[in-house]
Undergrad: 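Okay, here's the structure, questions in a sec.
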There are 2 protein chains.
Amino acid sequence: MNNTDLTLVMKALSDVTRLKIIEMVSEGELCACKILESFNITQPTLSYHMKILCDCGLVDSRRDGAWIRYNLNKQTLELVSSYFNRLKTQSYEFKIECLTCE
Amino acid sequence: MNNTDLTLVMKALSDVTRLKIIEMVSEGELCACKILESFNITQPTLSYHMKILCDCGLVDSRRDGAWIRYNLNKQTLELVSSYFNRLKTQSYEFKIECLTCE
DNA sequence: AAAACATATTGACATTTATCTATATGACGC
DNA sequence: GCGTCATATAGATAAATGTCAATATGTTTT
């Protein structure tokens with residue numbers, strides 16, 4: 001996962017509505033109509049948010065009759081999770097100071 | 001860490017420049033002048049980005065003479081990391097389908 | 001085939017964001 | 001105190017973002 005892809009994921013998560021959607025979907029598959037009930041937004045706005053979540057790979061969608069069912073993409077989540085774990089382990093307790101700055 | 005705080009962190013990471021800064025700082029403390037060398041942006045623009053990274057708690061700053069030295073805040077990173085770990089474990093292999101949608 | 005339901009797309013608009021130039025503030029050395 | 005270096009703030013601006021109303025597309029039911 002390169003920086004551009006990661007930026008897309010972060011951008012997707014940088015909106016309160018989408019963050020809540022991710023949390024809802026993390027508990028199990030949901031259709032748009034169910035998600036919509038939890039928010040004070042219009043259907044087109046939800047559709048816009050779902051597109052962003054799907055495009056960055058965080059959420060998968062599948063048609064089931066008239067409904068579109070959404071669920072979390074665990075693989076992408078794993079990549080994001082491991083990115084933060086790597087950052088954590090990379091940073092050490094004792095700082096390597098930049099003394100010269102020249 | 002509530003959703004508003006988390007959104008701030010994600011917003012901070014949703015910019016390629018800031019994502020690179022985080023990676024640089026994760027390897028050790030750096031002053032603004034050193035960071036600036038790696039980018040094609042002006043000094044005020046970097047200052048703007050550093051403020052966003054500090055305000056959300058991802059980066060700490062300390063004055064050292066004329067310089068401001070930046071380093072990663074491991075505590076915040078730990079909170080973000082554990083958030084994603086929680087999301088991962090919350091989502092199960094077998095989907096709890098929403099069959100009614102009524 | 002028409003009506004009803006679920007979701008997506010389009011176009012408009014206000015707000016936010018990233019960037020710059022110009023200027024201010026703070027620290028150090030002379 | 002003055003000049004110089006490091007960083008921050010202010011004001012302006014173009015581009016991106018989140019939202020809506022209106023409309024289109026796709027699916028099911030009658």
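Residue numbering restarts at 1 for every chain, and letters A, B, ... go by the order of the sequence lines.
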Undergrad: So, the side chain of A:Ser14 versus the backbone of A:Lys11: is there a donor-acceptor pair under 3.5 Å, distance only?
TA: yes
Undergrad: Considering only nitrogen or oxygen atoms on both sides, find all protein atoms under 3.5 Å from nucleotides 23-29 of chain C and state each distance.
TA:
none

Undergrad: Under 3.5 Å, side chain of A:Arg86 to main-chain N/O of A:Lys88, donor-acceptor pair present?
TA: no
Undergrad: Any chain of hydrophobic side-chain contacts (each under 4.5 Å) joining A:Leu79 to B:Val16?
TA: no
Undergrad: What's A:Phe39 touching, base or sugar-phosphate or nothing? Going by heavy atoms closer than 4.0 Å.
TA: nothing
Undergrad: For A:Leu13 and B:Phe84, run side chain to side chain contact (heavy atoms under 4.5 Å, CB included): C-alpha distance rounded to whole Å, both residues' side-chain angles, the deciding distance at 0.1 Å, then the answer.
TA: CA-CA 11 Å; A:Leu13 295 173; B:Phe84 283 106; 3.5 Å; yes
Undergrad: Please report the closest heavy-atom contact between A:Tyr70 and A:Cys31, naming both atoms and the distance.
TA: CD1-C, 4.4 Å
Undergrad: Please determine, for the side chain of B:Thr42, which listed nucleotide (C:dC20, C:dT17, D:dG18) has the closest atom?
TA: C:dC20
Undergrad: How far apart are the closest heavy atoms of A:Val25 and A:Leu30, and which atoms are they?
TA: N-CD1, 4.4 Å
Undergrad: Search all heavy atoms of A:Met24 against all heavy atoms of A:Lys34 and return the closest pair with its distance.
TA: CE-O, 4.5 Å
Undergrad: May I have the list of side-chain donor-acceptor pairs in residues 47-58 of chain A shorter than 3.5 Å, sequence neighbours left out?
TA:
residue, atom, partner, partner atom, Å
A:His49, ND1, A:Arg18, NH1, 3.1
A:Lys51, NZ, A:Asp55, OD2, 3.1

Undergrad: Give me the residues of residues 45-52 of chain B where at least one heavy atom lies under 4.0 Å from an atom of DNA chain C, by number, or none.
TA: B:Thr45, B:Tyr48, B:His49, B:Ile52
